Amino acid sequence: MYRAARALALVLLLLVVGCGGEEPGGEPADVYRAELFPSSAVLSGSTLERLVSDQDGRLRFDGVPGQLSELEGTHVLIAGKSQAQPSGFMRWIVDAHLDQGDLVLDTRDVPVELAFRKLHVRATRSYAELAAPGAGSRAQATGGGHQSVVFHEPAFDGDDDPSTPDDQVMLTGTLQGSAKFQLGIDTDWGEIKALPSAVVDCMKQIFTGGSCDLESLVPEVKVSFAARVEASADISLAGAAFLDYTREVTLPAIELPEFWIGPLGFFPAIELVGTIEGEASSRFDLSTKASVGLELDVHASNKKGVKLTPPNAWFEASSPAVTATLKANGAVSFGPRLRLLLYKVMGPRAGLRLFTELDADMSRNPCWALEAGLRAEYGFYIGLPVPIIGDITLASFSDQLELFRKTVATGGCQALSGGDPASPTAGEPSAAAFAAPDFVPWSRAYAGVLDRHPNQAVGAAIAWSQATATVDGRFLLSSADGRALLKVTPDGTPVWARRYLATEPWLESGSAEMLPGRVVHAKDGTVFVLAHPYSVLKVAASGQLHWAKRFEQTAGRSWLRFTDAVATSDGGLLAVAARDDEAVLANDAALWLVRLDAHGEVVWSKTLAAGGRRVVPRAVIRHGTGFTIAGSAYSPSSARWQAFAARVAGDGSTLWVRSVAATRCDAVEYGSHFHAGLATPDDDLVLAGALSFAGDNTLTLKLKPSGELAWSRAERTPVAAHLGPSIGSIVALPTSGYLVAGTYSGDLNAEDVFIAALDSIGRSQWVRAHGAANVPDTIHHDNDNFPSLVLTRDGGALVVAHSNGLLDAGLWGFKVFAKDGQIAFASSTTAQSRDLTLEQAPACLDLVAESWLESDEPAGVAPLALTSESVAISVTQQAP
């Protein structure tokens with residue numbers, strides 16, 4: 001085997017395919033000069049005919065081919081195309097064994113310098129049309145025989161209906177062009193005649209899980225890639241959005257004809273890539289045409305890095321057409337990227353992107369400006385996992401250059417009509433909108449959404465409701481006890497309701513029902529949904545399920561679940577839960593923090609244990625580069641709940657933990673709970689919840705970034721027969737202070753939703769209760785509880801709560817003026833509003849620094865099979 005490989009190497013050393021001349025077509029001929037190491041072997045045609053399969057690098061041959069009967073001293077196999085592996089390969093032999101008489105080789109892809117002692121390759125190819133006939137599912141012929149790529153890609157679509165433009169942002173257009181490239185690969189080991197034993201030993205370490213500095217052992221490898229790419233595009237971006245969004249667009253690659261130089265197989269392809277993004281905005285529509293071109297020359301070396309010759313580019317744009325209303329921000333970049341892969345594994349890439357960016361603001365003159373330009377991009381592509389490629393500098397470069405940017409047009413915005421469905425709703429109100437809201441308050445109760453009505457004590461209950469603004473200006477309503485997600489318009493009209501069911505019953509409950517509780521806005525316009533038991537879903541704005549995953553955790557008790565989550569800067573989320581692997585037997589639980597990436601894969605997982613207490617988180621707040629988790633912990637020894645806040649860094653490491661020690665100032669201790677919180681612009685933390693002792697009192701306090709107490713406030717009802725208020729939700733007002741919502745337990749234990757405005761140190765300015773009145777006991781309980789609220793751009797506060805007073809086990813949503821909480825209910829309903837008075841409670845608070853046990857914990861997550869079905873929702877209206 002050794003002798004055969006050496007002989008083949010001598011032949012290859014003399015082989016020259018072209019010497020820099022030109023082929024009849026006018027392009028330079030391919031050049032190939034090479035010498036293989038004796039430890040490398042090019043598989044013959046007869047050997048490849050006996051290759052049965054190639055699965056994840058495991059090669060199985062029919063019997064033992066004669067060429068492979070002796071593998072001693074052979075480390076690298078080079079193969080042309082075969083039926084089992086049409087792309088060919090260049091692999092390192094990791095292991096060899098016989099299986100029922102068949103030769104089985106475990107192999108891994110390697111770079112060229114481990115196979116060739118010397119290599120000099122040059123190739124030039126031209127593609128007159130960007131999309132060759134029949135290539136790419138979206139390519140179609142246009143006039144004059146040219147091929148164009150037609151694209152129609154939504155950034156998001158709130159109802160999966162392209163005919164309703166006010167809940168979507170859509171990119172449409174055509175693209176055509178041409179490409180040409182010249183590739184060069186060079187490496188030379190000099191006087192070294194055989195692959196050094198140090199390299200062989202290093203490779204063995206790498207493939208057995210060890211580490212080794214391969215970079216220092218191999219010679220320089222130089223790759224040159226000169227490309228000329230031209231494109232003409234007709235792009236349109238239109239729609240309406242109300243939250244920030246970013247979506248990467250990659251259309252199916254257009255595979256170009258492969259070519260082989262010696263035993264090296266090259267597979268060129270055109271990728272059509274782009275990004276659609278925008279900030280919170282209203283309706284806009286832009287279209288533009290441009291012709292662009294780029295000449296790029298990149299030289300990369302694993303020893304000397306990357307050298308880029310300043311690109312030569314050209315850009316011509318026609319006059320665009322733009323309409324915009326109020327405030328609109330939308331951007332699109334799109335263009336072709338040429339990649340050239342050796343054996344479909346790795347290789348250089350280069351391309352261009354045409355971009356247009358619209359920025360509109362009614363307060364400016366001119367209202368809108370459209371900028372356009374051209375970006376160049378280049379880098380190295382890795383198509384398959386290559387274990388050692390991380391040690392090769394050649395694979396690490398990737399960059400973008402902005403070559404042109406100019407304002408191509410400006411103009412005036414159109415005013416929204418009074419009944420325009422795209423009027424701004426989701427998002428923070430301005431001070432002017434807060435002071436003078438312009439909408440009619442409404443109230444609607446929805447039947448068929450809840451699995452059950454929560455009747456637990458409001459302080460310690462694992463119960464909540466949530467209203468979440470969506471990118472299309474609408475709202476998702478959810479609940480800890482919800483059986484479905486409900487999407488409503490800004491006036492409360494249902495858009496859709498959808499439940500998600502497991503294909504197999506849950507072990508914990510014997511039911512396939514999934515309870516979608518928490519909703520988190522994702523960067524790409526979709527939402528993450530945290531569901532019980534221990535699941536996370538990715539759901540489109542239309543309710544369509546992208547994927548679902550289940551964590552391998554026991555959830556035998558209701559408080560063992562995900563309770564809150566917050567988006568992270570990398571497009572993922574941090575979720576918090578109570579976790580106990582012995583849930584059926586134990587009554588304690590640790591705080592579980594699990595950080596997920598945008599695809600639901602675990603980045604890290606940690607627990608914080610508080611010495612045998614049951615730790616139940618209820619809120620996670622992102623601020624700075626870290627997070628704060630707030631909730632309460634139950635101590636069996638004192639039979640009392642105690643509020644806590646734990647601040648962690650971005651990697652989950654604990655910075656500090658603080659617990660609340662609260663008395664009535666006469667040594668009688670309260671139970672305490674944190675239910676909600678927010679970060680202030682100066683990185684302080686405001687937390688809200690309840691103090692409990694023979695009734696409930698509100699609790700708000702402010703913590704400095706170090707965990708020290710800045711101020712605290714507790715308020716109670718002056719009515720002795722009432723159990724009082726407990727805060728469950730808090731938002732910052734655009735002027736100063738805060739708006740809170742919670743449950744107020746009043747006459748005969750009837751529960752109402754209360755809303756209160758607090759000043760900057762937690763003192764109530766006004767308090768209003770809303771809920772059912774005079775509900776006979778024979779019908780159902782008079783319980784309207786566990787509300788949350790979200791501010792709207794038009795100066796409103798959208799409140800969602802549970803209702804067992806307006807309707808049995810329903811979800812209740814209503815919108816009031818944020819400045820005063822006012823709403824007038826219809827006389828035909830049982831709903832009513834009333835003013836409340838709160839007074840300062842005699843509470844003495846201390847913060848206690850604690851050291852909780854931190855540990856890294858495994859978090860197994862697996863794909864979850866779910867079915868989705870629509871839910872029929874009946875609506876009861878309480879206000880005009």
Side-chain angles (χ1 to χ4, degrees), residues 243-246 248 275 277 279-280 398 427-428 468-469 518-528 530 536 538 562-577 579 590-610 615 617-631 643-659 674-688 701-710 730-732 738 847 849-857 859 861:
L243 296 177
D244 298 355
Y245 60 93
T246 300
E248 299 296 326
T275 302
E277 57 190 329
E279 298 178 358
S398 180
E428 297 297 318
T468 307
R518 288 292 189 192
V519 177
V520 178
H521 174 64
K523 288 178 64 175
D524 59 359
T526 64
V527 293
F528 295 107
L530 269 66
V536 59
K538 189 75 173 292
F562 287 123
T563 52
D564 200 13
V566 65
T568 55
S569 58
D570 58 358
L573 76 162
L574 176 71
V576 296
R579 167 172 165 163
L591 165 60
W592 182 25
L593 302 85
V594 57
R595 184 161 180 173
L596 309 174
D597 65 15
H599 307 289
E601 297 299 326
V602 175
V603 179
W604 51 256
S605 172
K606 294 180 181 290
T607 60
L608 289 174
V615 182
R618 292 182 177 83
V620 56
I621 303 105
R622 174 184 164 191
H623 50 128
T625 58
F627 311 89
T628 295
I629 301 91
F644 76 86
R647 186 157 188 176
V648 300
D651 62 359
S653 57
T654 307
L655 301 177
W656 50 255
V657 180
R658 300 288 186 270
S659 293
F674 287 141
H675 296 144
L678 54 86
T680 66
D682 53 0
D683 204 30
D684 289 342
L685 192 71
V686 177
L687 300 175
L701 57 79
K702 187 175 186 179
L703 297 181
K704 298 177 181 178
S706 61
E708 298 176 359
L709 181 65
I730 183 171
V731 295
Y738 311 94
L847 290 183
E850 297 199 19
S851 296
W852 288 7
L853 179 62
E854 175 189 325
S855 61
D856 293 326
E857 292 289 340
V861 61

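All residue numbers refer to positions in the sequence shown, counting from 1. Every value quoted in this text rests on a predicted model; they were computed, and no experiment measured them.
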Q: Could I get the full list of side chain to side chain donor-acceptor pair (under 3.5 Å) partners for Arg658, not counting sequence neighbours?
A: none
Q: Without swapping roles, check the side chain of His623 against the backbone of Pro705 for a donor-acceptor pair under 3.5 Å.
A: no
Q: Could I get the full list of ring pair (Phe, Tyr, Trp, His ring centres under 6.0 Å) partners for Trp656, not counting sequence neighbours?
A: none
Q: Search all heavy atoms of Ala676 against all heavy atoms of Ala619 and return the closest pair with its distance.
A: CA-CB, 3.9 Å
Q: Please list, chain by chain and in numerical order, all residues satisfying side-chain contact (heavy atoms from CB on, under 4.5 Å) with Val603, sequence neighbours excluded.
A: Arg595, Asp597
Q.
Using only atom types and a distance under 3.5 Å, with no angle test, would you say the side chain of Thr563 pairs donor to acceptor with the backbone of Pro617?
A. yes
Q: For Leu655, enumerate each residue passing the side-chain contact (heavy atoms from CB on, under 4.5 Å) test, keeping only those at least two apart in sequence or located in another chain.
A: Arg647, Ala649
Q.
What's the separation between atom CG in Leu596 and atom CG in Leu573, rounded to the nearest 0.5 Å?
A. 5.0 Å
Q: With sequence neighbours left out, write down each residue that passes side-chain contact (heavy atoms from CB on, under 4.5 Å) with Val686, or none if nothing qualifies.
A: Leu678, Thr680, Lys702, Ile730, Tyr738
Q. What distance separates Asp564 CG from Leu574 CG, expressed to the nearest 0.5 Å?
A. 9.5 Å
**Q.** Partner residues of Thr275 under the side chain to side chain donor-acceptor pair (under 3.5 Å) criterion, sequence neighbours left out
**A.** Glu248, Arg353
Q: Applying salt bridge (charged side-chain N to carboxylate O under 4.0 Å, His left out), name anything that partners Asp856, two or more places apart in sequence or on another chain.
A: Lys606
(Q) Counting C-beta onward and ignoring hydrogens, is there a side-chain heavy-atom pair between Leu847 and Leu703 closer than 4.5 Å? (A) yes
Q | Contacts of type side chain to side chain donor-acceptor pair (under 3.5 Å), residue Glu854, not counting sequence neighbours | A | Thr654
(Q) List the residues meeting ring pair (Phe, Tyr, Trp, His ring centres under 6.0 Å) with Tyr245, not counting sequence neighbours, and say none if there are none. (A) Phe156
(Q) Taking side-chain contact (heavy atoms from CB on, under 4.5 Å) as the definition, give me every residue that meets it alongside Ala575, ordered by chain and number, with sequence neighbours left out. (A) Leu530, Phe562, Ala565, Val594
Q. What residue among Ile629, Leu591, Val576 forms side chain to side chain contact (heavy atoms under 4.5 Å, CB included) with Val615?
A. Leu591
(Q) I'd like to check the salt bridge (charged side-chain N to carboxylate O under 4.0 Å, His left out) partners of Glu850; sequence neighbours left out, ordered by chain and number. (A) Arg613
Q.
For Ser855, give me all partners under side chain to side chain donor-acceptor pair (under 3.5 Å), at least two apart in sequence or on another chain.
A. Thr607, Glu857
Q: Output the distance between atom CZ (Arg622) and atom OG1 (Thr628), rounded to the nearest 0.5 Å.
A: 13.0 Å
